[in-house]
Amino acid sequence: MFQKVRTRIALLSLALVLIIYTISSFAIYTIVRQVVLRQIDARLHGLARAVVEQYDETGNIAATGAFLPHGTYLFLATDGAFILRAPSNLESALWSIANHAPIGTHYVDLKTSTSHYRVFYILQGRQGHPNNILMIAADDHSEVSVLRRLKTVIFFVGIAGMALSTLAGFYLAQRVLRPIRSAWQRQLEFVADASHELRTPLAVIQSNLDIAMGHTDESVIDNLEWLNNAHSETRRLSKLVQDLLTLARSDSEKVPLQLTVLSLAEMVERVQDLYGGIVEMAGIELEIQISPEAESLQIRGDADRLQQLLLILLDNARKFTPSGGRITVRLSKLRSTALLQVADTGRGIAAEDLPRVFDRFFTADLSRTRDDEDIGGTGLGLSIAEWIVEKHRGKITMSSPGLGQGATVSVELPTI
Ligand SMILES: Nc1ncnc2c1ncn2[C@@H]1O[C@H](COP(=O)(O)OP(=O)(O)OP(=O)(O)O)[C@@H](O)[C@H]1O
Ligand SMILES: [Mg+2]
């Protein structure tokens, strides 16, 4: 598909260049030609006037036009006498004009077997039998050959330009399409992963309900295990669908933030009330540390989204920290930003997995997480966290000294 689009863009740009080049070179050639011809015509006209003045003064037709410069020729006929000073092949061409051209004053181009001329003539009398003839011919083959050379240059420059612009078109189309292609690839992967993730809970729900429905003679209590399994999978499914929806909307930039001025310290303090109980039940200690200068930190942000961010980070810290561990939520000031950190003493992350934790559907060590029902996640939490932070023009990073040594997520948000 992208190959076709690339070819189409390249051909379109080529067509555009071709049209612009043809129009502009045609215009340039026409203007140059007109300027050159006008100069020759003005010179011929001046010479014709000088010839007429000389003849009027002297009345001697034989001596008229001796002053004409090299490369200009004269045919003057009046009162039955004439003078024709020109090479023989031009002579016959001038006679032909005199006998066939319309009466009046004109400029014409004349091509003989050996050269090219521009001719100015005045014919008076009857068409085909003029009684007064004045013709000045100038050899303009050098000007004509310059014009011909200009035409050749325009043609070959055009060919080279077309070849270059085709190559440039392909190259530029490829560059323009590269980010689109990778975004498209990511979307395909996202859809494939999402479908895969949706299939698992659906299959679990279906098989558990199949079992329960097969036990027609048993009560609901007897089938509680299967129903419970199906129920907890529906919860997982509903969270997954919610997360997918958030990310799909974030991709299409359809989620506007409800920005208000917020105190981060207040938000962090509320974490204790919201999350303290859950963490305690898991046998983990939750500690909140707010540095004195961070107490008054204010940011412009979306309260619900930032709350969601904190919950994603705390949920991970809890999931990946065994009982007896500790989670520390720290808030401090870092130049013009607020630094929010969620650190745990849990299983940590291997160095090779660190760059991938924000990737959609990434979960380290799948075999272990999938078996443990509580840990089993879909790998979308940190992608959503990253999107929320980026929407707030902040930065999020994950660090861990290694497996078994805990992990720390740091979020920097611009303050006001
Ligand atoms: N605090 C942490 N300690 C150790 N590993 C972590 C921590 N936070 C994230 N990870 C690793 O990063 C992966 C991605 O985290 P993320 O929150 O995106 O997905 P999840 O928690 O697996 O699933 P979800 O959040 O969608 O339910 C996790 O599966 C885990 O391997
Ligand atoms: Mg998570």
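First listed ligand is number 1; within each ligand, the first listed atom is number 1.
- Comparing A317, G379, A364 against atom 19 (O) of ligand 1, the shortest heavy-atom distance belongs to G379.
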Would you sort out whether H116 and D140 count as a side chain to side chain donor-acceptor pair (under 3.5 Å), showing the intermediate values? CA-CA 6 Å; H116 190 281; D140 65 350; 2.7 Å; yes

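- Around atom 12 (O) of ligand 1, the closest heavy atom drawn from V357, I384, D359 belongs to V357.
- Partners of E280 by side chain to side chain contact (heavy atoms under 4.5 Å, CB included), not counting sequence neighbours: none found.
- Counting the atoms of ligand 1 from 1 in the order shown, those under 4.0 Å from a heavy atom of L382 are 9 (C), 15 (O), 16 (P), 17 (O), 18 (O).
- In the model, E287 has a side-chain atom that pairs as donor or acceptor with a side-chain atom of Q289 under 3.5 Å.
- Using a 4.0 Å cut-off between heavy atoms, I349 contacts ligand 1 through its side chain alone, with no backbone atom that close.
- Looking at L413 and L340, their side chains never come closer than 4.5 Å, going by heavy atoms from C-beta outward.
- Applying the 4.0 Å criterion to heavy atoms of F362 picks out, from ligand 1, the atoms 13 (C), 14 (C), 29 (O).
- The shortest N or O to N or O distance between G381 and ligand 1 is below 3.5 Å.
- Residue contacts with ligand 1: N316 is placed with a nitrogen or oxygen under 3.5 Å of a nitrogen or oxygen of the ligand (distance criterion only).
- Note on ring orientation: taking the six-membered ring where Trp is involved, the planes of H45 and F120 are perpendicular (angle over 60°, cut-offs 30° and 60°).
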D41/R38 under salt bridge (charged side-chain N to carboxylate O under 4.0 Å, His left out): CA gap, chis, key distance, verdict: CA-CA 5 Å; D41 291 353; R38 237 175 245 165; over 6 Å; no

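- Under 4.0 Å from ligand 1, not a single heavy atom of I312 appears.
- Between atom 3 (N) of ligand 1 and the options F361, F320, F358, the minimum heavy-atom separation is to F320.
- Annotation: F361 is in aromatic contact with F190 [ring centroid separation under 6.0 Å].
- Taking the charged nitrogens against the carboxylate oxygens, R356 and D353 do have a contact shorter than 4.0 Å, which makes a salt bridge.
- Residue L380 has at least one nitrogen or oxygen atom sitting less than 3.5 Å from a nitrogen or oxygen atom of ligand 1, judged on distance alone.
- Closest of all the heavy-atom pairs between I396 and A385 is CD1-CB, 4.1 Å.
- For the pair R347 and ligand 1, the shortest N or O to N or O distance falls below 3.5 Å.
- Within the structure, the closest approach of G346 to ligand 1 does not fall below 4.0 Å when heavy atoms are considered.
- Of the candidates K239, K319, R356, it is K319 that places a heavy atom closest to atom 21 (O) of ligand 1.
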